[in-house]
Every structure is written in C-alpha cells, then in structure tokens.
Amino acid sequence: PTLASTERLLTFVYYLTPCDWDAELDGGALRVYSSDNNRREHEKMNETESYFDITPFADRLVVFRSDCVEHEVMASLRRERIAVTVWLYGRVVRLDESVGE
C-alpha cells in the first residue's frame, strides 16, 4: 500500500440558519458537482451543468467525502448563512495496482 499525505477526507456541515430560510431569496446553497466516475440520479440535478444545490435549511446536516466530491458554497443574498463545519483529516491508503498480480 501507498500512504498519501494527510488531507481533508470528510466534511460535516450543520446549518443553524433561521427557520424561515428561503432558497430563492436567501441563497447560500452548497453546490455539489457530479463526477463522471460517480454520477448519481438526483431530483434536483441540473442536466446541463451536472450539479445539484443543497439548501441550507435549519437543522440540516450534510456529510460528504471532501477528497472525492467537488463542491462550492454559493453566495448568501439577503442575510448571513450560519453553519458549523467540521473537517476530518487523515491519510488515504491506496493499494498499488501491482498488488495481487
């Protein structure tokens, strides 16, 4: 096995936004891009751009693999988005392709 350097592996985002947060008026979504290797069907998937937006509703927890999931936080429009974010760092062990041959 080959040890990679320490990197961000998991991201946890817990939203503390007001209960009346409006996706259109307040914005602030977490935009998650699909990858060719891991394309999923999702009800809010944008077919031309291959992404979906996660609205920062109060009491929502989002967890994803930081090292695998391309993402960005969109701008908040009329008030601040409030969230607690935790990152777990570690090393990914990658098996050499020659193992087992």
Side-chain angles (χ1 to χ4, degrees):
T2 304
L3 281 180
S5 61
T6 300
E7 60 184 297
R8 190 181 299 168
L9 297 179
L10 284 174
T11 299
F12 298 80
V13 182
Y14 181 68
Y15 293 106
L16 301 166
T17 50
C19 292
D20 63 343
W21 192 268
D22 183 278
E24 296 295 320
L25 297 175
D26 292 312
L30 173 66
R31 179 161 289 173
V32 178
Y33 295 93
S34 68
S35 68
D36 293 336
N37 298 338
N38 188 23
R39 192 173 283 275
R40 298 183 348 170
E41 291 299 321
H42 190 278
E43 63 186 62
K44 295 185 180 181
M45 181 72 75
N46 178 318
E47 292 178 13
T48 59
E49 298 293 331
S50 297
Y51 67 82
F52 61 93
D53 290 341
I54 300 171
T55 304
F57 290 128
D59 200 33
R60 173 175 273 179
L61 176 66
V62 179
V63 180
F64 59 92
R65 287 275 309 262
S66 314
D67 60 330
C68 299
V69 177
E70 188 98 20
H71 64 281
E72 69 176 305
V73 177
M74 307 309 290
S76 293
L77 303 175
R78 68 176 181 168
R79 53 188 167 168
E80 291 186 17
R81 173 188 52 252
I82 303 168
V84 174
T85 303
V86 174
W87 295 298
L88 295 182
Y89 286 82
R91 294 177 191 237
V92 175
V93 176
R94 305 191 196 288
L95 295 177
D96 294 333
E97 291 183 19
S98 60
V99 172
E101 291 182 10

* Pair Val62-Tyr15, side-chain contact (heavy atoms from CB on, under 4.5 Å): steps then yes or no -> CA-CA 8 Å; Val62 179; Tyr15 293 106; 3.9 Å; yes
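- The number of heavy atoms from other shown groups lying within 6.0 Å of CD (Glu80) does not exceed 12.
- A pairwise comparison of heavy atoms in Pro56 and Ala29 identifies CD-CA, 3.9 Å as the closest pair.
- Of all non-hydrogen atoms in Val73 and Gly28, the two that sit nearest each other are CG1-O, 4.5 Å.
- Between Ile54 and Arg60, some side-chain heavy-atom pair lies under the 4.5 Å cut-off.
- When every heavy atom of Thr6 is checked against every heavy atom of Arg91, the shortest pair comes out as OG1-NE, 3.5 Å.
- Of the inter-residue distances, the one linking Leu88 atom CG with Arg65 atom CZ reads 11.5 Å to the nearest 0.5 angstrom.
- Asp53 places none of its side-chain heavy atoms less than 4.5 Å from the side chain of Leu30.
- By the rule that hydrophobic residues join a cluster once side-chain heavy atoms approach within less than 4.5 Å of another member, Val84 and Val13 end up as members of separate clusters.
- Donor-acceptor pairing under 3.5 Å is lacking for the side chains of Thr17 and Arg81.
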* Taking it one step at a time, do Tyr51 and Glu70 satisfy side-chain hydrogen bond (donor to acceptor under 3.5 Å, both in side chains)? -> CA-CA 9 Å; Tyr51 67 82; Glu70 188 98 20; over 6 Å; no
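- Between Asp67 and Arg8, the closest side-chain pair of non-hydrogen atoms is not below 4.5 Å.
- In terms of heavy atoms, Arg78 sits closest to Leu25 at CG-O, 3.6 Å.
- Not one N or O on the side chain of Trp21 forms a donor-acceptor pair closer than 3.5 Å with the backbone of Thr55.
- Under the 4.5 Å side-chain heavy-atom criterion for Ile, Leu, Val, Met, Phe, Trp and Tyr, Leu16 and Leu61 are members of the same hydrophobic cluster.
- Remark: Leu77 pairs with no residue by the side-chain contact (heavy atoms from CB on, under 4.5 Å) rule, at least two apart or across chains.
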* Steps toward salt bridge (charged side-chain N to carboxylate O under 4.0 Å, His left out) verdict (Asp22, Arg79) -> CA-CA 10 Å; Asp22 183 278; Arg79 53 188 167 168; over 6 Å; no
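- Evaluation of the salt bridge (Lys or Arg N to Asp or Glu O under 4.0 Å) rule for Asp59 yields no partner, not counting sequence neighbours.
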* To do: Apply side-chain contact (heavy atoms from CB on, under 4.5 Å) to the pair Val69 and Tyr33, showing each step before the final yes or no.
  => CA-CA 7 Å; Val69 177; Tyr33 295 93; over 6 Å; no
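- Residues Tyr14 and Phe57 do not share a hydrophobic cluster, defined by chaining ILVMFWY side chains whose heavy atoms lie under 4.5 Å apart.
- With a 4.5 Å cut-off on side-chain heavy atoms, Ser66 and Leu9 do not count as touching.
- Between Arg31 atom CZ and Glu72 atom CD the span is 6.0 Å, to the nearest 0.5 Å.
- Annotation: Phe64 is in aromatic contact with His71 [ring centroid separation under 6.0 Å].
- Using a distance-only test at 3.5 Å, with no hydrogens or angles considered, a donor-acceptor pair links the side chain of Ser34 to the main chain of Ser50.
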